[in-house]
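These notes are about the structure you will find just below.
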Amino acid sequence: MIQALRGTRDILPEDVGYWQLIEQTAREIFTRAVYSEIRVPIFEQTSLFERGIGEATDIVGKEMYTFKDRGDRLITLRPEGTAGVVRSYISNKLHAQGVQRLWYSGPMFRYERPQAGRQRQFHQIGLELLGSGSPRADVEAIAIATDILQAIGLSNLQLDINSVGRGEDRQKYREALIAYLEPYKEELDQDSRDRLTRNPLRILDSKDQKTQEIAQDAPQLVEYLSDSSKKHFDTVLQLLTDLDIKYQINHCLVRGLDYYTHTAFEIQSADLGAQATVCGGGRYDGLVGELGGPETQAIGWAIGMERLVLLLQKLQESPTAKPDFYLVSRGAMAEAQGLVLAQKLRNAGFTVELDLSGSAFGKQFKRGDRSGAAACLVLGDAEAEKQTVNLKWLASGEQQAIAQSELLAMTEELKTKLSL
RNA sequence: GCGAGCGUAGCCAAGUGGUUAAGGCAGUGGAUUGUGGUUCCACCAUUCGUGGGUUCGAUUCCCAUCGUUCGCCCCA
């Protein structure tokens, strides 16, 4: 048997309702803030991600799906959305049109060990706001994220926020941190020792007891922030308070992608396992310039769809569509008329499920009942002969014979009855 | 990339080194050849993820492999 590749998953009809709920909610909220959808390619030149995300990051170093195509081009399946959107912003000179408010959704690919809430092909909805350095831009972006999460019914979420400063601030801090930690090298846990040169900021977040103690007295990133960066951060926090968005400052919060500057944030759920982050993002004022565009200030985030679905599954049954009518028919003439009637009702705006089995009426009713339909439409030889149809409301059992033409003429009445 | 657990039907599962692998849900057919939600009956795994080994004999023990779950790492 051919099985789906490791870390990929089929989203089956029984679950697709969750996905549609999330997508629809996000779309509405984006639209209200006048964000436009952008659709960019799923694969790009490998160098885009190397330059954008950073050569030293885990994502680029060991998680990308990279291959050569038949034309010998080095290609990578996108591991995240921002680099592609920024590339498009530059290629299409969108910067010439002022501030760009964009959103996207779709699959991303990372070669990781799968576990709950982590797959190799996973899906994100993301926002990118390009062309503004205002703290209000940061807060608008964050507010849209919290609105979406709230609108789909999630609570018990926590917003962690930090400022990672400008690239050069962070570089200076990084050096100071390494200088501080170096003497303790032997006392650090194995993971942290490995991170010392690669990603020292993450050491502050280590779960190891001893490492925690050492990290207590380490220099703090805030001390290295420029005055303007501090001011920006303070304003962001003030604006969040104005919007009544609760947050927690987390000085250890750093993001794994090199392009972040100033504001960095994560939204986590306590109801997930180790993969608790449902939304992550931040400001990336250097990226557009880095990739060959004009210096442009920007902020963005991405939501992990699979993780949201996991949370929703705990909260509610999968939203499924129930038909208004279930059409029961038996006999050649009746079945032909039934198909025509079903189509006409559908065109009039009703959802109609057509029983194709040709089995006994009893069986068809049983299936009709299970479909959750409000009513059955029954067509047998007798009805076909007279061009009528029996309308049976399943809740009450009440049944009436109606001319087919009349049924189609009473759509308003039916819609009222179905509360459509 | 590292550590640990798991893998019996579409789903949930019981089971044992020995001729025929419980049960439930779902599905299909029938009781009821024109009327559902209840009930009853029948059917539904030559096979226990896959490959190899040990054994007279393995779904059961061992190894490998694939998948999955949890944690580390990383991240959405």
Side-chain angles (χ1 to χ4, degrees), chain A residues 1-9 12 14 53 57-63 79-82 105-127 145 149 189-192 194-195 198-199 202-203 205-208 253-257 265-269 272-282 300-311 326 328-331 334 355 357-373 375-384 390-399 401:
Chain A
M1 192 174 53
I2 297 173
Q3 51 191 18
L5 280 171
R6 168 161 233 210
T8 67
R9 216 183 272 267
L12 298 172
E14 60 188 70
I53 300 169
T57 61
D58 274 24
I59 293 177
V60 171
K62 50 191 195 189
E63 294 178 356
E80 57 97 51
T82 300
S105 79
M108 309 292 162
F109 306 85
R110 292 181 200 171
Y111 191 87
E112 295 191 274
R113 186 87 179 255
Q115 72 189 63
R118 194 173 81 184
Q119 291 168 218
R120 290 182 174 178
Q121 176 177 337
F122 62 102
H123 299 79
Q124 292 186 333
I125 290 181
L127 169 153
L149 296 169
D189 62 285
Q190 184 59 52
D191 280 332
S192 293
D194 293 343
R195 282 186 289 216
R198 190 166 44 86
N199 195 357
R202 298 242 15 134
I203 296 176
D205 223 0
S206 171
K207 286 161 186 98
D208 182 78
L253 174 67
V254 290
R255 318 238 66 250
L257 291 71
F265 68 95
E266 270 183 18
I267 300 172
Q268 305 204 343
S269 166
L272 289 167
Q275 315 303 325
T277 303
V278 294
C279 177
W301 52 251
I303 280 176
M305 299 268 283
E306 277 79 4
R307 293 177 190 180
L308 251 44
V309 170
L310 285 174
L311 289 172
Y326 190 90
V328 167
S329 58
R330 196 149 201 230
D355 192 304
S357 69
S359 52
F361 280 99
K363 292 288 176 198
Q364 295 196 46
F365 271 100
K366 197 165 203 152
R367 281 189 283 264
D369 191 56
R370 292 210 173 173
S371 76
C376 277
L377 290 167
V378 192
L379 263 168
D381 294 334
E383 290 80 8
N390 279 358
L391 172 62
K392 176 170 182 175
W393 298 96
L394 288 172
S396 62
E398 171 199 344
Q399 185 171 207

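Order of the sequence lines sets the chain letters (A, B, ...), proteins ahead of strands, with each chain counted from 1.
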Measuring to OP1 and OP2 of B/G3, would you say a side-chain N or O of A/Arg113 lies under 4.0 angstrom away? no
Taken to the nearest whole Å, CG/A/Leu12 to C1'/B/C11 is 12 Å
A/Gln124 and A/Glu80 have their tightest heavy-atom pair at OE1-CA, 4.3 Å
Students often get this wrong, so: under 4.0 angstrom with heavy atoms, is A/Ala382 touching a base, only sugar-phosphate, or nothing? base
What I want to check is whether an N or O donor and acceptor connect the side chain of A/Gln399 with the base of B/U35 at under 3.5 Å. yes
Considering Watson-Crick and G-U wobble pairs with both distances under 3.5 Å, what does B/A14 pair with? none
Answer yes or no as to whether B/U35 has its base stacked against A/Phe365, where stacking requires a ring-centre separation under 5.5 angstrom and planes under 30 degrees apart. yes
When the distance from NZ of A/Lys363 to C1' of B/A26 is rounded to whole Å, what number comes out? 13 Å
What does A/Ala360 touch in the nucleic acid at a heavy-atom separation under 4.0 angstrom: a base, only the sugar-phosphate, or nothing? nothing
Just how far, in rounded Å, is C1' of B/U35 from CG of A/Leu394? 10 Å
How would you label the contact of A/Gly7 with the nucleic acid (heavy atoms, under 4.0 Å): base, sugar-phosphate, or nothing? sugar-phosphate
Just to be sure I understand the rule, does A/Lys62 reach a base, reach only the sugar-phosphate, or reach nothing, if contact means heavy atoms closer than 4.0 Å? nothing
Find out whether A/Leu308 and A/Leu149 are in side-chain contact, i.e. whether some heavy atom of one side chain is under 4.5 Å from a heavy atom of the other. yes
Can you check the A/Gln364 CD to B/G29 P distance for me, whole Å? 10 Å
With a non-hydrogen cut-off below 4.0 angstrom, is A/Glu63 in contact with a base, only sugar-phosphate, or nothing? sugar-phosphate
Pair partner, B/G1 [Watson-Crick or wobble, under 3.5 Å]: B/C72
Go through the steps to decide whether A/Val328 and A/Asn390 satisfy the test side-chain contact (heavy atoms from CB on, under 4.5 Å), and finish with yes or no. CA-CA 10 Å; A/Val328 167; A/Asn390 279 358; over 6 Å; no
Could you check which nucleotide pairs with B/A58 in any of the strands shown, counting Watson-Crick or G-U wobble with both distances under 3.5 Å? none
Could you tell me whether A/Gly368 contacts a base, only the sugar-phosphate backbone, or nothing, with contacts defined as non-hydrogen atoms closer than 4.0 Å? nothing
Check whether any side-chain nitrogen or oxygen of A/Arg110 sits under 4.0 Å from OP1 or OP2 of B/G1, and answer yes or no. no
Set out, in order, the CA-CA distance, both residues' side-chain angles and the distance that settles side chain to side chain donor-acceptor pair (under 3.5 Å) for A/Gln119 and A/Arg9, then state yes or no. CA-CA 8 Å; A/Gln119 291 168 218; A/Arg9 216 183 272 267; 3.0 Å; yes
Let's test this: given Watson-Crick or G-U wobble pairing with both distances under 3.5 Å, identify the partner of B/C44. none
A/Ser359/A/Arg367 under side-chain contact (heavy atoms from CB on, under 4.5 Å): CA gap, chis, key distance, verdict: CA-CA 11 Å; A/Ser359 52; A/Arg367 281 189 283 264; 2.6 Å; yes
Looking at the base of B/G34, is there any donor atom on it, or on the side chain of A/Glu383, that sits under 3.5 Å from an acceptor on the other one? yes
Can a side chain N or O of A/Arg118 be found less than 4.0 Å away from OP1 or OP2 on B/C75? no
Can you tell me the base-pairing partner of B/G37? Count Watson-Crick or G-U wobble geometry only, both distances below 3.5 Å, and say none if there is no partner. none
Run the side-chain contact (heavy atoms from CB on, under 4.5 Å) check on A/Arg120 and A/Tyr111 step by step: do they pass? CA-CA 5 Å; A/Arg120 290 182 174 178; A/Tyr111 191 87; 3.3 Å; yes
Would you kindly give the CD-to-P distance between A/Glu112 and B/C74, to the nearest whole Å? 11 Å
A/Arg367 side-chain N/O to B/U28 phosphate OP1/OP2 under 4.0 Å: yes
If you compare every side-chain N and O of A/Gln115 against the phosphate oxygens of B/G71 (OP1, OP2), does one of them come in below 4.0 Å? yes
Which part of the nucleic acid does A/Gly126 contact within heavy-atom distance under 4.0 Å: base, sugar-phosphate only, or nothing? nothing
Record whether the side chain of A/Lys366 comes under 3.5 Å of the base of B/G37 through a donor-acceptor pair of N or O atoms. no
Provide the Watson-Crick or G-U wobble partner of B/G7, both distances under 3.5 Å; none if there is no partner. B/C66
Examine distances only and state if a side-chain atom of A/Glu306 and a backbone atom of A/Arg118 form a donor-acceptor pair shorter than 3.5 Å. no
Can you tell me if A/Arg370 touches the phosphate of B/G27, counting only side-chain N or O atoms and a distance under 4.0 Å to OP1 or OP2? yes
NA contact type, A/Gly281, heavy-atom cut-off 4.0 Å: base, sugar-phosphate, or nothing? nothing
